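Here is the structure we will look at.
Residue numbers start from 1 in every chain, and the chains themselves are labelled A, B, ... in the order their sequence lines are given, proteins ahead of strands. In this text, all values refer to a predicted model and were calculated from it rather than measured experimentally. We use all heavy atoms of the structure for the numbers below, so side chains are in, but hydrogens, waters and symmetry mates are not.
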There are 2 protein chains.
Amino acid sequence: MVEEQDERILTELQKNGRATNQELAEAVGMSTSACWRRVRGLEESGVISGYSALVERERAGFATSAILHVSLERHDAKFVDEFVARVKRRSEVLECFATTGDADYHLRVVVRDMHAYNQFLDEFMFRVPGIRYVRTNMILKEIKTGVALPFDTRRPRKD
Amino acid sequence: MVEEQDERILTELQKNGRATNQELAEAVGMSTSACWRRVRGLEESGVISGYSALVERERAGFATSAILHVSLERHDAKFVDEFVARVKRRSEVLECFATTGDADYHLRVVVRDMHAYNQFLDEFMFRVPGIRYVRTNMILKEIKTGVALPFDTRRPRKD
DNA sequence: GTGGTTCTTGGTAGAATGTACCAAACGGAG
DNA sequence: CTCCGTTTGGTACATTCTACCAAGAACCAC
């Protein structure tokens, strides 16, 4: 189980994934060794699945991004699995969620420019079998792009 | 400008944000000092905006998440700014994008359980002034949740 | 309460790494 | 070619990591 001390570590490591163990220990108020062991535990148990540099999309040359609503014609395992497998392979698709509502899937796609987006649709999206529709919502502005889980919200009573 | 060597560094640091400088230098094929200076440059120029631990949502106790489509009644700066400011303050809102299409905004919200989601709507979303509608699409399954920009895609010709 | 077991803690030291310097190599411009 | 600015690889000191230790806390059965 992830307890309160772990949550403080996670909060800190989400803010600064390259914090030294010493900084981290200081920030959460424990000894370096206790802290280090907890971090290791979180990594080994898979609570922390990795670390990543956060790169500014536009500065890195990716001017265009969009949210796609996708719906499938049929929902047999065959079509669903094929769709999922293809989505996982395409690096332009940063996120993909199966959702309730009109569309079956919400995707977020990031590309270098509009030409690349058109190409993405032509070469990839429109070729996936069994798709009913793909609706593109271009992203006009990124208000917020966070990865940090909200550990500051109240925990449910555990009773 | 971000050139090819930088892209290799970014690719690597997106995969492993805690790679040691030595590992990194080896992976991208340069000396440790050259590599270190480039990383520093990317950080100082803001291409790398930070580092973060990636935490498994469900293992960390956040069972519920949703994508919200939000549309505003009016689009005066007054209402827009208020909405944006409020969204930025709420840690449950991991992502928020202004988009084309029916909804003005797409948000991704993560909470501990359904009760917390209901509370989020009641206490926050439904109290923002000037909102036309909020449509909730519960996330049934996370197919993919990536943060790495697709540097493996073809760069536009620079001419 | 006591005793025993288990889990967690803080301290420490050798190994590994980061970071700032150097002089050398490179690449254009004239 | 020579000059000048930029980027490179190497090195050394300071910092940090990481695996051990024994001591302390928490728990349970009795």
B:His69 vs A:His69 aromatic rings, parallel, tilted or perpendicular, using cut-offs 30° and 60°? parallel
With a non-hydrogen cut-off below 4.0 angstrom, is B:Glu23 in contact with a base, only sugar-phosphate, or nothing? nothing
Hey, is the side chain of A:Arg18 pairing donor to acceptor with the base of C:dG18 inside 3.5 Å? no
Residues A:Arg40, A:Glu44: salt bridge by 4.0 Å N-O rule: yes
In terms of ring plane angle, is the pair B:Phe83 and B:Tyr105 parallel, tilted or perpendicular, where the classes change at 30° and 60°? tilted
Of A:Cys35 and B:Ala19, the one whose nearest nucleotide on DNA chain C sits closer to the 5' end is A:Cys35
What about B:Arg40, does its side chain sit under 3.5 Å from the base of C:dG18 through a donor-acceptor pair? no
To the nearest Å, give me how far apart CG (A:Asn21) and P (C:dG10) are. 12 Å
In whole angstrom, what separates A:Glu26's CD from D:dC17's P? 13 Å
Tell me whether the OP1 or OP2 atom of D:dT8 has a side-chain N or O from B:Arg38 closer than 4.0 Å. yes
Along DNA chain D (nearest heavy atom to each residue), the more 5'-positioned of A:Thr20 and A:Arg37: A:Thr20
Spacing of A:Leu42 atom CG relative to C:dT8 atom P, expressed in whole Å: 12 Å
Rounded to whole Å, how long is the line connecting atom CD of A:Glu43 with atom P of D:dT18? 9 Å
Could you tell me how far apart A:Asp6 (CG) and C:dC7 (P) are, to the nearest whole angstrom? 16 Å
Between B:Phe79 and B:Arg74, is there a cation-pi geometry (under 6.0 Å to ring centre, at most 45° from the normal)? no
Respond yes when some side-chain nitrogen or oxygen of B:Gln22 is under 4.0 Å from OP1 or OP2 of D:dG9, and no when none is. no
Pair B:Glu7 + A:Arg112, salt bridge at N-O below 4.0 Å: yes
In whole Å, what is the span from the CE atom of A:Met30 to the P atom of D:dA25? 17 Å
Nearest nucleotide by nearest heavy atom, which residue falls closer to the 5' end of DNA chain D, A:Thr32 or B:Ser33? B:Ser33
Interatomic distance where CH2 belongs to A:Trp36 and C1' belongs to C:dG11 [whole Å]: 15 Å
